[in-house]
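One is the number of the first residue; the rest follow in order along the sequence. Values below: every heavy atom of this structure, side chains too, minus hydrogens, waters and symmetry copies. Given the structure is predicted, the values throughout are model-derived calculations rather than measurements.
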Amino acid sequence: MASTSRFAVLGLVAFTLTACAPARSTPDTGASTEGQPTQAQPRTLVVMTRVEPRSLLSKGILTGVFADGPNARRVFNAALFIEDERDVPIPYLVEEAPRLDTDSWKLFPDGRMETTYRLRPNLAWHDGTALTAEDFVFALKIFTDPALAGNFTPTPQNLMDEALAPDPRTLIIRWKRTSPDADSLALNRFGPLPRHILEAPYERDSADAFSSSPYWTRDFVGAGPFKVDRWEAGAAIEGSAFDGHALGRPRIDRVRVLFVSDANTAVANLLAGAAHATMDDVIRFQQAETLRGEWAANRGGEIVLSPSQTRYVQVQFRPQYASPSAIHDRRVREAIIRSIDRKELSDAMLSGEGIVAHMMVSPLRENFGDIDRAVTKHAYDLARAEQLMAEAGYTKRDGVYASAAGERFSPELRAIAGGTDEQELSAVTNLLNRAGLNVQPLTIAPAQATDGQYVATFPAFSTANTGTSGDTPLVKLWTGRAPGPENRWTGSALGGWSNPEYDRLYDAYSTTLNRADRNNVVLQMMKLVSDELPVLPLYYIFQVEARLSSLAGPRSAGTSGSWNVHEWELKGA
């Protein structure tokens, strides 16, 4: 497969469209609103993020999800582990990960477990106070406080019984059940909180007052590579290198995180040398093409693409909503996917850079090659599609598939109105109708897309996308996440597919501790999905990041793009 070899050659990391060479100028570091750069200062990293964070805590207070800048948050935060560009956890505040079958990772007959973490020596907060195991014990108390529950994502602390600190460098976590998260408690999962700063207001103030404390924003004290010096609301966060950083002092002295919501302004800042890099969806593929053209002559920067999402067609499996019912025939679903020239589609959507998706998980996944060899691929093949439709009782009449009773096969295909979703809807409809599948396109208003019941009761097909890392794509097909009246139509498994074997595998994935065994479970899940086709994968969507060639060190894009920011360097600074 072309996409497989492409990623293999590049070592399964994000790939660049434009080679690097020295940029024309040094970015500014002064106070700047969008598009208003000022004179630069040496050794200051200037990055742009799309949304001003509502909090700097990576776990997310008042955010629910991490849409407002996971890479920008990382700059100021540290946790037990950090995940690299392949989502592989690396010890951060700990000396090493707990290991199964040792005293550091104990399993008990009743299904509970206990993990022990030895913190690195001489850990400190940005204000110089010692960071100890008690700060993790305090964090668990905060994260599990019912009065604050709406502020933090529930996992993995919902699986923890208690945290103990027998000495300043030893953290013990006792778990309610087995959990594979124990050796990957990274930034967005579980980290310390400065007890010396927060304990008094936590004991004294109301939950609302505690949640709105300036600590979470302008007064933030963390343990990441950079410490907050100044937060200019609506403009930028300025920070300086933290000498006590657990993985060593950053190689760059200062950082300035600009809030730039307009993609064209971000492009202008890069071309003017007013910023070194983008983060967190500041620009999209269209702006990447503009930058590539501008940098073609002077090789002033690079565009880095990370396949952060999979576009797919979801299928309605609830019989009370499905129409036509023939979509429940697996042969019909295979005929549909074989009628879509996905290479033509993805290239049209991504200007020739498209990569066909045969599964939901990321090509950057550490065992992607094994999964890719195992899954069943359904290549574009109109002859095979026609054979499958015939086996399902449909033959072409006047170029359109119809049943023996003369009823045309005319399924609805939904997409959100506007932008690339609508463009994609038109392209997919044209491809399917060209093959004789009389698809009826329907665009829905963005407001309708927020109505859980409406989006879950589509009659046949609906385009969608999913993140590709962790369990995000896996949960989209788990019965436990299917929306319905019993859960007020919440959940991401919109098609309502329910497969006992897949559910068994998902439960195994959620409790299997050995990483290799867990990867094998994912392989089995993707193989099953490729055989049964509860969804029809189309292509990968790229998260786009742009960088001046004067910046060295970044190794990826996506939500893990800034994981090694402490290693970045400015050439010639």
Report task. Determine, step by step, whether H378 and T376 satisfy the side-chain contact (heavy atoms from CB on, under 4.5 Å) criterion, reporting the C-alpha distance in whole Å, the side-chain angles of both residues, the deciding distance to 0.1 Å, and the verdict. Result -> CA-CA 7 Å; H378 306 283; T376 303; 3.6 Å; yes
| Audit row: Q309, Y540, side-chain contact (heavy atoms from CB on, under 4.5 Å) steps and yes/no | CA-CA 6 Å; Q309 295 184 330; Y540 292 105; over 6 Å; no
side-chain contact (heavy atoms from CB on, under 4.5 Å) between L474 and M526: does it pass, once the steps are laid out?
CA-CA 9 Å; L474 308 179; M526 290 299 98; 3.7 Å; yes
**Request:** For side-chain contact (heavy atoms from CB on, under 4.5 Å), just list the numbers for V75 and L56, CA-CA rounded to whole Å, side-chain angles, deciding distance to a tenth of an Å, and then say yes or no.
**Result:** CA-CA 9 Å; V75 170; L56 281 184; over 6 Å; no
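In this structure, CG on L513 lies 7.5 Å from OG1 on T511, to the nearest 0.5 angstrom. In this structure, CZ in F190 is found 5.0 Å from CE in M160, a value given to the nearest 0.5 Å. Atoms OG1 and CG, on T468 and D87 in that order, are 8.0 Å from each other to the nearest 0.5 Å. Atoms CD and OG1, from Q543 and T278 in turn, are 8.5 Å apart once rounded to the nearest 0.5 Å. Distance check: L80 CG to D181 CG gives 12.0 Å after rounding to the nearest 0.5 Å. In this structure, CG in L538 is found 9.0 Å from OG in S346, a value given to the nearest 0.5 Å.
Using a 4.0 Å cut-off between charged nitrogen and carboxylate oxygen, E289 and R284 do not count as a salt-bridge pair.
When side chains are defined from C-beta on, P319 does not count as touching S325, because their heavy atoms never get closer than 4.5 Å. Annotation: side chain of E424 is in contact with side chain of Y539 (closest heavy-atom distance under 4.5 Å). A 4.5 Å side-chain heavy-atom check between P459 and Q316 finds every atom pair outside the cut-off. L93 has its side chain within reach of P192: a pair of non-hydrogen atoms, C-beta onward, lies under 4.5 Å apart. Here the side chains of I340 and L345 are in contact, with some heavy-atom distance below 4.5 Å. For the pair E386 and L382, the minimum side-chain heavy-atom distance is 4.5 Å or more. The closest side-chain heavy-atom distance from S184 to R189 is below 4.5 Å. Between S469 and E83 there is no side-chain heavy-atom pair separated by less than 4.5 Å.
The backbone N or O of G553 sits less than 3.5 Å from a side-chain atom of N564, completing a donor-acceptor pair. With D507 contributing its side chain and R504 its backbone, the two residues share no donor-acceptor pair below 3.5 Å. S562 contributes a side-chain N or O that, together with a main-chain N or O of N71, makes up a donor-acceptor pair within less than 3.5 Å. R518 places a side-chain N or O within donor-acceptor distance of the main-chain N or O of Y509, the cut-off being under 3.5 Å. For D183 (side chain) and A97 (main-chain N/O), no donor-acceptor pair under 3.5 Å exists by modelled atom type. At distances below 3.5 Å, not a single donor-acceptor pair connects side-chain atoms of R73 with backbone N or O atoms of F76. A donor-acceptor pair under 3.5 Å is absent between the side-chain atoms of R330 and the main chain of E532, judged by distance alone. The backbone N or O of N514 lies less than 3.5 Å from no partner atom in the side chain of T512, so there is not a single donor-acceptor pair. When atom types are taken as modelled, the side chain of R384 and the backbone of A335 share no donor-acceptor pair closer than 3.5 angstrom. Formation of a donor-acceptor pair under 3.5 Å by the N430 side chain with backbone atoms of S426 is found in this model.
For residues 471-492, every residue pair satisfying the ring pair (Phe, Tyr, Trp, His ring centres under 6.0 Å) rule, not counting sequence neighbours, is listed here: W478-Y506. Sorted by first and then second residue, the ring pair (Phe, Tyr, Trp, His ring centres under 6.0 Å) pairs with a member in residues 323-344 read F317-H328; sequence neighbours excluded.
For H566, the ring-ring contact (aromatic ring centres under 6.0 Å, His included) partners are H245, not counting sequence neighbours. For N264, the side chain to side chain contact (heavy atoms under 4.5 Å, CB included) partners at least two apart in sequence or on another chain are D262, Q287. Checked against salt bridge (Lys or Arg N to Asp or Glu O under 4.0 Å), D531 has the following partners two or more places apart in sequence or in another chain: K527. For P473, the side chain to side chain contact (heavy atoms under 4.5 Å, CB included) partners are M360, V361, T466, not counting sequence neighbours. With sequence neighbours left out, D421 forms a side chain to side chain contact (heavy atoms under 4.5 Å, CB included) with R311, I416. Under the ring-ring contact (aromatic ring centres under 6.0 Å, His included) criterion, Y394 pairs with F409, not counting sequence neighbours. R434 meets the side chain to side chain contact (heavy atoms under 4.5 Å, CB included) test with E344, Y380, L431; sequence neighbours excluded. Applying the salt bridge (Lys or Arg N to Asp or Glu O under 4.0 Å) test to R338 and every residue at least two apart in sequence or in another chain returns E334. Judged as a salt bridge (Lys or Arg N to Asp or Glu O under 4.0 Å), and not counting sequence neighbours, the contacts of R331 are D329. By the salt bridge (Lys or Arg N to Asp or Glu O under 4.0 Å) test, D517 pairs with no residue at all, sequence neighbours left out.
Here the shortest heavy-atom pairing between L551 and A277 reads CD2-CB, 3.9 Å. Considering every non-hydrogen atom in both S492 and V475, the closest pair reads OG-CG1, 3.9 Å. For the pair L291 and A546, the tightest heavy-atom approach, listed with the atom from each and the gap, is CD1-CB, 3.7 Å. Residues A456 and P483 share a closest heavy-atom pair of CB-CG, 3.7 Å.
Cation-pi geometry between R414 and Y454 is met: the NZ or CZ atom falls under 6.0 Å from the ring centre, inside 45° of the normal. Under the 6.0 Å distance and 45° angle rule, K59 counts as a cation-pi partner of F143.
The number of heavy atoms from other shown groups lying within 6.0 Å of CD (Q286) does not exceed 12.
Partner I371 forms a side chain to side chain contact (heavy atoms under 4.5 Å, CB included) with one of R365, H358, M525 and no other, that one being R365. The only member of E52, M48, M279 that meets side chain to side chain contact (heavy atoms under 4.5 Å, CB included) when paired with L258 is M48.
S58 and N188 share no side-chain donor-acceptor pair at under 3.5 Å.
In this structure, F285 and F542 have parallel ring planes: the angle between them is below the 30° cut-off, well short of the 60° mark.
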